[in-house]
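Proteins come first, then strands; the chains are lettered A, B, ... in the order of their sequence lines, and each starts at number 1. The model shown is predicted, which means the values in this text are computed figures rather than measured ones.
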Protein chains: 2
Amino acid sequence: VSGSPGVLMAAEIAEQPIALRRLLDDGAQAVADVARQVAGFAPHTVMFGARGTSDHAALYGSYLAQIKLGVASGLSSPSTTTVYGARPDLSGVLFVAVSQSGGSPDLVESVRVAGECGALTVAVTNAPTSPLASAATLQVDVHAGPEHAVAATKSYTCELLALYLLLVGTADALDPVSLSRLADAAQSTLDTGAAADVAGRTYRFADRIVVTARGYSYPTAREAALKLMETSYLSAHPFSGADLLHGPMAMVDAHVPVIAVTTPGAGGSAMGPVIDRLRERGTDPLLVGPQDGLPVATDGVAEELWPILEILPLQRLAWRMALDRGLDPDRPRGLQKVTETR
Amino acid sequence: VSGSPGVLMAAEIAEQPIALRRLLDDGAQAVADVARQVAGFAPHTVMFGARGTSDHAALYGSYLAQIKLGVASGLSSPSTTTVYGARPDLSGVLFVAVSQSGGSPDLVESVRVAGECGALTVAVTNAPTSPLASAATLQVDVHAGPEHAVAATKSYTCELLALYLLLVGTADALDPVSLSRLADAAQSTLDTGAAADVAGRTYRFADRIVVTARGYSYPTAREAALKLMETSYLSAHPFSGADLLHGPMAMVDAHVPVIAVTTPGAGGSAMGPVIDRLRERGTDPLLVGPQDGLPVATDGVAEELWPILEILPLQRLAWRMALDRGLDPDRPRGLQKVTETR
């Protein structure tokens with residue numbers, strides 16, 4: 001554990017191609033075994049439970065469940081069970097809890113209750129011996145390795161990949177070409193990090209910022225905003241591009257920096273009308289994906305895996321802005337690595 | 001349609017007790033008929049589709065589905081079908097679309113597709129002849145009456161009540177005593193609006209604000225933040241109390257106004273540790289619910305109906321702040337009443 005500001009977060013950002021490769025090389029077989037058991041269970045619905053960064057991974061999982069696995073899905077709040085004592089009938093439901101530490105008591109409790117209510121439970125964690133993993137019937141280890149910076153980076157991208165392996169694997173629809181390209185694509189994306197440093201300088205004195213995206217990339221917007229709040233104490237707002245048009249657009253003007261994830265694909269195309277409206281409002285959105293913004297190396301990687309790549313320049317941006325503002329992104333004020341909520 | 005700033009929004013805020021009573025007197029029987037058909041269908045899962053303010057009503061519905069109806073539930077993004085062409089197996093699923101206008105093309109399309117995929121579809125709208133209502137198998141009219149201000153108020157509380165009648169009615173667990181008290185409780189809560197005016201003065205020059213709550217009241221935090229963004233262009237952040245501890249707490253300090261919904265009950269009690277942490281960070285949270293904050297008249301009304309009351313002083317706060325800042329809350333910049341997203 002070092003003393004220089006941001007050393008931990010920088011190292012963990014840089015380690016992501018290695019961590020992703022480790023999960024694919026050392027962990028994918030175990031996830032495939034879990035996916036086979038889930039396929040045998042044939043869930044009609046997938047419910048997710050998670051908090052913070054892992055909640056954004058769960059949101060990605062919910063898109064995968066509906067689009068790739070072809071079942072109903074949704075995010076459950078642990079409070080339904082821990083605060084109100086809900087005991088829904090979850091027969092036929094797959095309950096997936098996602099957590100880096102596997103240590104939050106309310107998540108452990110919601111997995112226990114989900115199992116009692118008939119769900120098949122899976123814990124997706126970076127801590128295979130954690131209370132959460134013990135409480136679940138099946139376990140997926142995301143293989144991110146020890147994470148020391150308070151702001152999660154490599155555990156997030158490894159959670160995304162693990163959820164892809166689990167849910168798309170259950171549908172027997174994994175894309176081996178994309179998977180073989182993924183770690184190199186992550187490295188190529190990280191290699192263009194200088195663009196994020198330049199953007200960080202542009203936003204150095206901003207107080208608020210809006211991050212917007214659609215579809216698979218909406219979790220990217222959510223996670224980027226959280227990184228900016230955690231490390232740079234910015235007032236960072238994530239919006240789905242569609243929801244932005246339903247009200248929040250009013251608080252956007254030329255003084256508000258906007259970041260839009262528009263990697264060319266179905267989700268990026270659907271952002272077209274949103275970008276038009278943002279420009280009408282006088283903003284100059286920074287685009288994540290296109291070459292003239294923060295580039296993302298997607299060559300040969302299918303769109304549903306892009307969220308693993310798109311977050312990389314945004315992690316770098318958050319790290320850079322924190323340093324430029326004299327803050328230590330490894331130790332944000334008011335936070336601990338493991339958050340215990342009940 | 002008047003010219004004085006905020007006249008429309010003020011009238012629609014004030015009309016809510018009448019609108020709620022109208023739904024109970026003139027609409028509850030029709031909702032009960034729909035609930036009986038839903039009960040016959042016996043859904044194993046409820047999925048919701050909505051945008052903006054109606055998305056917050058849908059979130060409330062998702063809590064009700066899990067806690068009161070006792071089934072799995074979740075919010076679906078229309079983009080899964082409209083952008084990615086998802087065709088999930090929704091047999092046994094109740095799909096509830098919520099929209100004031102019933103006019104957004106992406107919602108209409110997701111209802112159509114949900115029906116094709118096997119779901120029983122219900123449109124909960126303020127426009128029973130809208131394209132959305134036509135696309136659904138069953139219709140619930142929220143009876144809010146014409147809404148002219150761009151910032152939705154009465155349509156929101158009527159959507160909440162309609163979802164309560166639909167989902168708790170399907171479980172045959174309506175609380176007639178609470179329902180008979182509701183409109184009077186709304187009027188009593190509105191009668192204490194002066195407290196919101198005082199709070200509005202305190203926050204007049206704020207740039208960012210955090211609104212936090214747990215459980216049934218979390219949608220209240222989301223909706224209050226949206227009103228503040230729409231009408232006063234504030235950078236308003238809604239967080240579940242638990243998620244606030246997982247990261248965003250870092251961007252909160254004594255300079256950041258915080259509003260916490262803590263109406264005494266299970267949800268309010270669960271906010272205790274969050275309030276403690278907020279005070280440690282130097283903030284002085286304004287409490288919604290307790291007498292020394294923005295009071296909410298809950299006498300004789302069950303906790304699951306409190307969201308209909310808690311939003312009232314927060315609507316008033318948003319309206320007041322907009323006027324004090326020289327803005328017209330009836331016509332926020334950059335917005336239209338019906339938002340068309342695809």
Side-chain angles (χ1 to χ4, degrees), chain A residues 44-45 47 51-53 55 62-63 66-67 70-80 83-84 86-93 106 207-208 214-215 218 226 229-231 233-235 237 240 242-243 245-252 266-267 270 273 277 281 332-335 339 341-342, chain B residues 44-45 47 51-53 55 62-63 66-67 70-80 83-84 86-90 92-93 106 151 207-208 214-215 218 226 229-231 233-235 237 240 242-243 245-252 266-267 270 273 277 281 332-335 339 341-342:
Chain A
H44 56 64
T45 299
M47 296 276 288
R51 294 283 185 200
T53 286
D55 200 39
S62 186
Y63 280 90
Q66 289 178 49
I67 300 168
V71 299
S73 71
L75 276 60
S76 175
S77 167
S79 72
T80 55
V83 176
Y84 298 108
R87 293 295 180 273
D89 177 0
L90 299 182
S91 44
V93 172
D106 61 348
D207 181 67
R208 72 171 77 170
R214 284 196 76 176
Y218 175 45
L226 179 57
M229 284 190 273
E230 283 181 317
T231 61
Y233 313 154
L234 265 173
S235 185
H237 291 270
S240 99
D243 278 323
L245 303 181
H246 285 256
M249 188 62 86
M251 66 91 166
V252 174
R277 285 289 303 283
R281 304 255 341 108
R333 64 184 185 185
L335 297 183
T339 308
T341 45
R342 285 169 202 280
Chain B
H44 57 64
T45 299
M47 296 278 287
R51 294 280 185 204
T53 287
D55 200 40
S62 186
Y63 280 91
Q66 289 179 47
I67 300 168
V71 300
S73 72
L75 276 60
S76 175
S77 168
S79 72
T80 55
V83 176
Y84 298 108
R87 293 295 180 271
D89 178 359
L90 298 182
V93 172
D106 60 348
D207 182 67
R208 71 171 79 170
R214 285 196 74 177
Y218 174 45
L226 179 57
M229 284 190 274
E230 282 181 317
T231 62
Y233 314 154
L234 265 171
S235 185
H237 290 269
S240 100
D243 277 324
L245 304 180
H246 285 257
M249 189 63 86
M251 67 90 165
V252 175
R277 285 289 302 284
R281 305 255 342 107
R333 63 184 186 187
L335 297 183
T339 308
T341 46
R342 284 166 203 281

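For the salt bridge (charged side-chain N to carboxylate O under 4.0 Å, His left out) test, no residue two or more places apart in sequence or in another chain qualifies with B/Asp89. Residues meeting the side chain to side chain contact (heavy atoms under 4.5 Å, CB included) test with B/Pro248, sequence neighbours left out: A/Leu226, A/Met229, B/Phe239, B/Leu244.
Taking chain A as the reference chain and counting heavy-atom pairs below 4.5 Å, the highest number among B/Gln66, B/Glu230, B/Met249 is found for B/Gln66. When each of B/Pro273, B/Pro332, B/Pro78, B/Ala266 is scored by its heavy-atom pairs under 4.5 Å with chain A, the top score falls to B/Ala266. Chosen from A/Gly267, A/Ala250, A/Gly74, A/Pro88, the residue pairing most often with chain B at heavy-atom distances under 4.5 Å is A/Ala250. The candidate with the highest count of non-hydrogen atom pairs below 4.5 Å against chain A, out of B/Arg277, B/Met251, B/Arg333, B/Met47, is B/Arg333.
Using a 4.5 Å cut-off between heavy atoms, B/Arg281 contacts chain A through its side chain alone, with no backbone atom that close. Residue B/Val93 touches chain A through its side chain alone, counting heavy-atom pairs closer than 4.5 Å. Only the side chain of A/Leu90 comes within contact range of chain B, with heavy atoms under 4.5 Å apart. Using a 4.5 Å cut-off between heavy atoms, A/Ser240 touches chain B through its side chain atoms alone. Proximity to chain A (any heavy atom under 4.5 Å) is shown, for B/Thr231, by neither the backbone nor the side chain.
The two atoms that bring B/Ser79 and A/Tyr63 nearest to each other are OG-CE2, 3.5 Å, heavy atoms only. When all heavy atoms of A/Gly52 and B/Asp243 are compared, the closest pair comes out as N-OD1, 3.1 Å. The nearest pair of heavy atoms linking B/Arg214 to A/Asp106 is NH2-OD2, 4.2 Å.
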